[in-house]
Amino acid sequence: TTNMPASLEEKARGVDGESGMEIRPDRDQDPPMPRVVDLTHPLSPTFPTWDGVPGIALERRAEVAADGYGLHLWHLDEHIGTHLDAPRHYDPQGLDAASIADEDLILPLVVIDVRARAMRDPDHAVDLADIAVHESAHGIIPPGACVAMLSGWGARVADAGFRNADAAGVMHFPGFSLAAARVLAEARDAKALAVDTLSLDPGASPDLPVHRYWLPSGRYGLECVANLEKVPARGATIVVGAPRIEGATGGPCRLLALL
C-alpha cells in the first residue's frame with residue numbers, strides 16, 4: 001500500500017485523474033538534441049609541444065586519504081594541447097582570452113579538407129585553390145565562421161610525426177597561407193581559424209606571417225584541434241570553451257562541435 005494521494009499516484013503512473021487518459025509529454029514540439037563531437041585532445045605531459053618541452057605538470061598539493069580532498073597545482077604553458085590563441089598573443093593591446101565576446105565563441109564551423117595535399121607535402125599551406133575547391137562543393141563560406149584546416153595530422157599526435165622535425169630541428173606540418181588568411185578575413189569575414197596541427201602557420205615557416213596578420217586583426221586561432229574528420233565540411237556549430245583568465249594570451253580549451 002501507499003500513502004500517496006490518489007491524484008499524485010495517478011500522475012506518477014502517467015494518468016490524468018479527471019479524464020483517465022495517459023499523460024505523455026509532447027516531445028514532437030521539443031527540438032532534437034544535437035549530436036556532439038569533442039574536438040579536444042586529452043592533455044598530459046606527453047602531448048607534443050612547439051619546443052619539444054613538456055607543457056604541463058601537475059604537482060600534488062593534497063590527497064583524499066591524508067587531507068580529505070584532492071588538489072593539484074598546475075604548471076602550465078598557455079599554448080599547449082588543444083588551445084586558443086587570443087589576439088593578445090601577437091598584439092599587446094589586443095583582446096586577452098577573458099575578453100573575447102561571448103557571441104564569438106559559438107560559430108558556424110567550416111572544415112576545409114586538405115588531407116590529400118598534406119599527404120604529398122607536409123609543408124602544405126592552405127591556399128586560394130583549396131578555398132575555391134571547398135566553395136565549389138559546399139557553397140560560399142558564411143560570414144562569422146570558424147574556418148578549420150583538416151590535414152589529417154591528428155592521427156600523428158601520439159608520436160614524433162606530429163612535430164615532424166628534421167635533423168636541423170625544423171618542423172614540417174601544414175597550416176594556412178597568408179593569402180588564404182587575408183581572403184578569409186577580408187572577403188569572408190571569418191572570426192576564427194582552426195588547425196589540427198601545432199600552428200596556424202606551417203611548421204617550417206620562419207616568421208609566422210599568419211599569426212602576425214590574423215591575431216592583431218582582432219580574430220583568434222585554435223590549434224591542435226581533434227576529430228575534424230568526424231564533422232561535416234559545413235553545417236556544424238563549434239562551441240569554444242575558452243579560459244576566462246584576465247591577461248592570458250590564450251590557453252587550453254574544450255572544443256565541442258554540435259551537429
Side-chain angles (χ1 to χ4, degrees), residues 36-45 47-51 53-59 71-111 143-149 153-154 157 162 175-176 181 184-185 189-201 203 205 207-228 231 236-258:
V36 179
V37 175
D38 196 338
L39 303 180
T40 317
H41 287 293
L43 181 55
S44 75
F47 195 89
T49 61
W50 181 262
D51 57 8
V53 176
I56 184 172
L58 273 61
E59 177 186 343
L71 177 69
H72 290 99
L73 176 65
W74 293 2
H75 301 273
L76 182 72
D77 186 321
E78 282 183 317
H79 299 270
I80 175 70
T82 302
H83 69 274
L84 169 87
D85 281 4
R88 190 167 296 186
H89 188 33
Y90 271 74
D91 178 5
Q93 305 304 317
L95 295 174
D96 62 13
S99 301
I100 297 173
D102 298 346
E103 59 269 23
D104 289 342
L105 297 174
I106 303 177
L107 302 174
L109 177 61
V110 170
V111 179
C146 172
V147 180
M149 174 194 74
W153 232 247
V157 75
F162 196 71
F176 280 91
L184 292 171
D189 193 26
K191 296 281 184 135
L193 290 181
V195 294
D196 54 359
T197 59
L198 278 166
S199 173
L200 301 179
D201 289 273
S205 172
D207 53 358
L208 306 177
V210 175
H211 279 81
R212 296 181 187 281
Y213 166 75
W214 188 263
L215 300 177
S217 75
R219 297 168 172 85
Y220 65 87
L222 300 167
E223 296 171 333
C224 300
V225 179
N227 296 323
L228 286 170
V231 299
T237 297
I238 189 169
V239 179
V240 181
R244 199 165 190 184
I245 301 173
E246 293 183 356
T249 69
C253 56
R254 188 71 176 264
L255 304 180
L256 301 175
L258 307 181

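The only option from Asp196, Leu222, Val225, Thr82 that meets the side chain to side chain contact (heavy atoms under 4.5 Å, CB included) definition with Leu39 turns out to be Val225.
Here the side chains of Met149 and Thr197 are in contact, with some heavy-atom distance below 4.5 Å. Residues Asp201 and Trp214 have side chains not in contact (no heavy-atom distance under 4.5 Å, counting atoms from C-beta outward). Residues Leu258 and Val36 have side chains in contact (heavy-atom distance under 4.5 Å, counting atoms from C-beta outward). Inter-residue side-chain proximity for Val53 and Asp77 is flagged as unmet; no heavy-atom pair is nearer than 4.5 Å. Within the 4.5 Å cutoff, side-chain heavy atoms of Ser199 are placed close to those of His211.
The aromatic rings of His41 and Phe162 sit perpendicular to each other, their planes meeting at more than 60°, with 30° as the lower class boundary.
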Working for side-chain contact (heavy atoms from CB on, under 4.5 Å), residues Tyr213 and Leu200:
CA-CA 11 Å; Tyr213 166 75; Leu200 301 179; over 6 Å; no

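Side-chain atoms of Asp85 do not come within 3.5 Å of backbone N or O of Glu223 as any donor-acceptor pair. Between the side chain of Trp74 and the backbone N or O of Ala57 there is no donor-acceptor pair closer than 3.5 Å.
Side chains of Glu59 and His75: a donor on one and an acceptor on the other come within 3.5 Å.
Scanning all heavy atoms of the two residues, the minimum distance from Phe47 to Cys224 falls at CE2-SG, 3.9 Å. Closest non-hydrogen pair, Ala181 versus Leu193, comes out as CB-CD1, 4.4 Å. Minimum heavy-atom separation, Leu198 to Thr49: CD1-O, 3.9 Å.
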